[in-house]
Protein chains: 2
Amino acid sequence: MSRRVTSLDVAARAGVSQSAVSRVFSGASASKDTAAKVRAAAEALGYRPNVLARSLITGRSRIIGMVVAYLGNPFYPDALERFSRILQDEGYHTLVFTLPEGAGDTDTDRIVQQMLDHQVDGIILASVGLGDALAARCEAAGIPVVLFNRGQAGSGLAQVTSANRLGGAKVAEFLVAGNHARIGHVAGWQGSSTGRDRTEGFLDRLVALGTEAVGVEDGRYDHAEAVRATDILIAKGCDALFVGNDHMAFAVMDHLRFDLGLSVPGDVSVVGYDDVPMAAFAAYDLTTVRQPVGRMVKATVTGLLDQIEDTSARADITEIDGPLILRGSARIPEGLK
Amino acid sequence: MSRRVTSLDVAARAGVSQSAVSRVFSGASASKDTAAKVRAAAEALGYRPNVLARSLITGRSRIIGMVVAYLGNPFYPDALERFSRILQDEGYHTLVFTLPEGAGDTDTDRIVQQMLDHQVDGIILASVGLGDALAARCEAAGIPVVLFNRGQAGSGLAQVTSANRLGGAKVAEFLVAGNHARIGHVAGWQGSSTGRDRTEGFLDRLVALGTEAVGVEDGRYDHAEAVRATDILIAKGCDALFVGNDHMAFAVMDHLRFDLGLSVPGDVSVVGYDDVPMAAFAAYDLTTVRQPVGRMVKATVTGLLDQIEDTSARADITEIDGPLILRGSARIPEGLK
DNA sequence: CGTGATTTTGCACACCTATGCAAGCCTCGG
DNA sequence: CCGAGGCTTGCATAGGTGTGCAAAATCACG
């Protein structure tokens, strides 16, 4: 394997200095003439600037660290794919960091260190599961951070979520309009802001509408927990369940239909949150609140790059509204048919 | 933001030379005494070696490029998560590259260039969709490559797949044993080796058993295509369908049940391939051939690291056998009950 | 054509670490 | 006590690029 061709080689061939080559490739000023000569020589030699050397000296790697922990929920792979694609188009790349199952502070520290080691220009935290520790440490290290699908009140960190409270409220309106008598809630993990917000919005709106939830059980975004929660709520006689995300909603529907022998939506209406692709599958045909992944991802990237390119740009909180998608898993009010 | 702590700072504080510091952190020989002094100083200053500078000089980045294109199929996120985790444990990291939808040669070239730019130590191609061009170019660039869940006959490239032919054969055995009279096949994309192999193994074994497929339609790993294929095969009177992967199988089952009003497995048996988590959901309860993701991932990483650390190690082809998982989407032969 | 303003260019250094080489140290056997 | 051999250590350089600075070249204009 022959040696890499360097900017010096190009300079020699083009009859200019190495700095001229550097300037041409880093977009600095250069005369039409030399730029042409340099490009020709580079083309002939197959020269490409060495990213490592460049990063070493500029201090910017054009790499974004992305922390994920929960790819089992199809919402996240979808987001990851979009992130990777957009960042690629912007000349950035995505370095993936996976948080171990029961992530303790030790793990968190290690991840942060590794990101610092690689001098990532920015960080996307796309995981509901991780504590505030990670975000705090990133911030302390002076690296721009955006929380994706996760909020953290008063942290001063940039964050992009869907309008979770409003979404929860929409479901409340919908179920009440559907004349459901006993409404229950399999909540998203109450340790996460998204989970809490959806729950709050839902419960508050119920009260505003003059009714109340028969029961609320934390499903912790977990299959088995969701089933357990369902049992409790059904025992209380619920005829409608708002489930904290689609992934749990599938488990709930399966349990209702195949273990408890109930009809959905005949006996029980089920509403989810996310609108992952599978929600449209006929087997579930899940009524759910859509999280507009595309717009959320775009907003996240924009916010992050703004922070990177203009350090004075400050972290803002973005909430993106998504519609309730009416399908067949919940009784549809007369007025909406 | 204060300047980074460098090995020179540590050297000064420890009263040794910079090279001593370097040697301690790169695992070269050093006396107990100096090692201790260096570590103490490093600890006190919060020193961490600069990965970029190190990579620049050693030529190894400890970064693995991972090319994906099809995260819609839940098989791949699962794999990606495992890859990231294992590589992390081995001191490597995962740089994700996403191939655009209709990836032409231009895109392929760009991706390869970007990987070269970042001097990735190795490449995992985890995408059925991409042509041979990408693999060839990577190989030409002298970077170790392993194809994951994708083969390429006679390419001389390392590859890890499940035993696709054998898997297809198992399904043939199973369906014949179940006394199915008219067996059809919604094939995986015939442009991919996995698709072809499964199909071959399936059809060959049918013949060996003295029967034959009523029809074979390419589902191209696509939802809509799978539905189209199903229509054709059902029109031919099939009472059993082997579907090229689980993701399509879900579409097929939904179509059979909710559009055509057929019972699964009452009227038609359906068997998939992959055993993604969703296959175990009660709504589908899909009989399918398991791809042992964990072992496939482990084999891929092992093979790749071997090639990286020992350039003489040559590419081998690994096939990992997986069992047929019996569930409720296909009639179970008397003998197996 | 001369002068000042402006752009272009080259020089040299910085970024931070790994490593070949030679010199220094220690150890051990005779 | 001496010499040989092995382990440590420091020196100096390489790896490839960006950038401040000053010199050179170009331009505009009177």
Side-chain angles (χ1 to χ4, degrees), chain A residues 1-39 41-42 45-63 91 113 116-121 309, chain B residues 1-42 45-63 91 113-114 116-121 309:
Chain A
M1 221 54 52
S2 61
R3 219 182 80 267
R4 265 186 83 103
V5 351
T6 83
S7 57
L8 273 171
D9 302 329
V10 177
R13 173 161 183 137
V16 297
S17 75
Q18 177 267 329
S19 20
V21 178
S22 168
R23 277 188 258 265
V24 170
F25 277 90
S26 54
S29 68
S31 71
K32 292 278 174 202
D33 190 33
T34 51
K37 281 194 293 186
V38 167
R39 286 192 197 289
L45 297 175
Y47 167 75
R48 304 221 81 206
N50 185 321
V51 174
L52 268 56
R54 176 178 283 181
S55 298
L56 177 59
I57 195 166
T58 60
R60 348 194 79 191
S61 59
R62 297 196 78 83
I63 289 182
Q113 271 304 350
L116 292 181
D117 286 352
H118 284 277
Q119 302 192 19
V120 297
D121 290 343
E309 279 151 27
Chain B
M1 220 55 53
S2 61
R3 222 185 75 265
R4 267 188 80 104
V5 179
T6 87
S7 58
L8 273 171
D9 302 330
V10 177
R13 173 160 181 137
V16 297
S17 75
Q18 177 269 329
S19 20
V21 177
S22 168
R23 277 190 258 264
V24 170
F25 277 90
S26 55
S29 66
S31 72
K32 292 279 173 200
D33 192 31
T34 50
K37 279 194 294 186
V38 168
R39 285 192 196 290
L45 297 175
Y47 168 74
R48 303 223 81 204
N50 185 323
V51 174
L52 270 54
R54 175 178 286 180
S55 299
L56 177 59
I57 196 168
T58 59
R60 347 195 79 191
S61 59
R62 297 196 78 85
I63 289 182
Q113 271 304 351
Q114 291 174 9
L116 292 181
D117 286 351
H118 283 277
Q119 302 193 18
V120 296
D121 290 344
E309 280 152 25

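The analysis underlying the following values was restricted to heavy atoms, covering all of them including side chains, and did not include hydrogens, waters or symmetry mates. The structure presented is a predicted model; accordingly, all values stated were derived computationally and were not measured. Sequence lines set the chain letters: A, B, ... in the order given, protein chains first and strands last, and positions in each chain run from 1.
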*Return the value, rounded to whole Å, for the distance between atom CZ of B/R48 and atom P of C/dC16.*
16 Å
Identify all side-chain donor-acceptor contacts of residues 52-60 of chain B below 3.5 Å with residues at least two apart in sequence or on another chain.
{"unit_1": "B/S55", "atom_1": "OG", "unit_2": "B/V51", "atom_2": "O", "d": "2.9"}
{"unit_1": "B/S55", "atom_1": "OG", "unit_2": "B/R60", "atom_2": "O", "d": "3.2"}
{"unit_1": "B/T58", "atom_1": "OG1", "unit_2": "B/R54", "atom_2": "O", "d": "2.9"}
{"unit_1": "B/T58", "atom_1": "OG1", "unit_2": "B/R60", "atom_2": "N", "d": "3.2"}
{"unit_1": "B/T58", "atom_1": "OG1", "unit_2": "B/R60", "atom_2": "O", "d": "3.4"}
{"unit_1": "B/R60", "atom_1": "NH2", "unit_2": "B/I308", "atom_2": "O", "d": "2.8"}

_Rounded interatomic separation in angstrom, taking CG from A/L8 and C1' from C/dC13_ = 14 Å
*Under 4.0 Å: is that the gap between some side-chain N or O of B/T58 and OP1 or OP2 of D/dG15?*
no
*Could you tell me whether the phosphate oxygens of D/dG16, OP1 or OP2, come under 4.0 Å of any side-chain nitrogen or oxygen in A/T6?*
no
_Just to be sure I understand the rule, does A/T34 reach a base, reach only the sugar-phosphate, or reach nothing, if contact means heavy atoms closer than 4.0 Å?_
sugar-phosphate
*asked:* Side chains of A/V38 and A/V10, heavy atoms from C-beta outward: is any pair under 4.5 Å?
replied: yes
*Nearest to the side chain of A/S17 - C/dT17, D/dT17, C/dG10?*
C/dG10
*What's the OH-P distance between A/Y47 and D/dG16, to the nearest Å?*
10 Å
*So, does the side chain of B/S19 form a donor-acceptor pair with the base of D/dC11 at under 3.5 Å?*
yes
_Assuming nearest nucleotide by heavy-atom distance, tell me which of B/I57 and B/A35 is located more 5' along DNA chain D._
B/A35
*Measure the distance from CG on A/L52 to P on D/dG15 and round it to the nearest whole Å.*
15 Å
*Side-chain donor/acceptor contact of A/R23 with base of C/dG10 under 3.5 Å*: yes
_Output the rounded distance in Å from CG (A/D9) to P (D/dG16)._
9 Å
*asked:* I need the NZ-P distance between B/K37 and D/dG10, as an integer number of Å.
replied: 8 Å
*Could you please name the option among D/dG10, C/dC11, C/dC15 that lies closest to any side-chain atom of A/L56?*
C/dC15
*Shortest non-hydrogen contact from B/S7 toward B/Y47*: N-CE1, 3.4 Å
*If you look at every strand shown and take non-hydrogen atoms under 4.0 Å, does A/S31 touch a base, only sugar-phosphate, or nothing?*
sugar-phosphate
_OP1 or OP2 of C/dT17 under 4.0 Å from side-chain N/O of B/S7_ = yes
_Rounded interatomic separation in angstrom, taking CZ from B/R54 and C1' from D/dG15_ = 15 Å
*Minimum heavy-atom distance A/D9-A/T6, with the two atoms named*: OD2-N, 2.9 Å
_Spacing between B/F25 atom CZ and C/dA18 atom P, to the nearest angstrom_ = 10 Å
*Would you confirm whether B/R48, through its side chain, and A/D117, through its main-chain N or O, come within 3.5 Å as a donor-acceptor pair?*
no
*Determine the minimum heavy-atom distance between B/H118 and A/S61, stating which atoms define it.*
CE1-O, 4.4 Å
*asked:* Let me check the geometry of the helix from C/dC1-D/dG30 to C/dG30-D/dC1. What is the bend angle between the axes at its two ends, five pairs each, to 10°?
replied: 30°
Between side-chain atoms of residues 13-20 of chain A and protein atoms elsewhere (two or more places apart, or another chain), which donor-acceptor pairs fall under 3.5 Å?
{"unit_1": "A/S17", "atom_1": "OG", "unit_2": "A/S19", "atom_2": "N", "d": "3.4"}
{"unit_1": "A/S17", "atom_1": "OG", "unit_2": "A/S19", "atom_2": "OG", "d": "3.1"}
{"unit_1": "A/S17", "atom_1": "OG", "unit_2": "A/A20", "atom_2": "N", "d": "3.3"}

*Sugar-phosphate, base or nothing in reach of A/V16, heavy atoms under 4.0 Å*: sugar-phosphate
_Smallest separation among heavy atoms of A/L116 and B/R4, with atom names_ = O-NH1, 4.0 Å
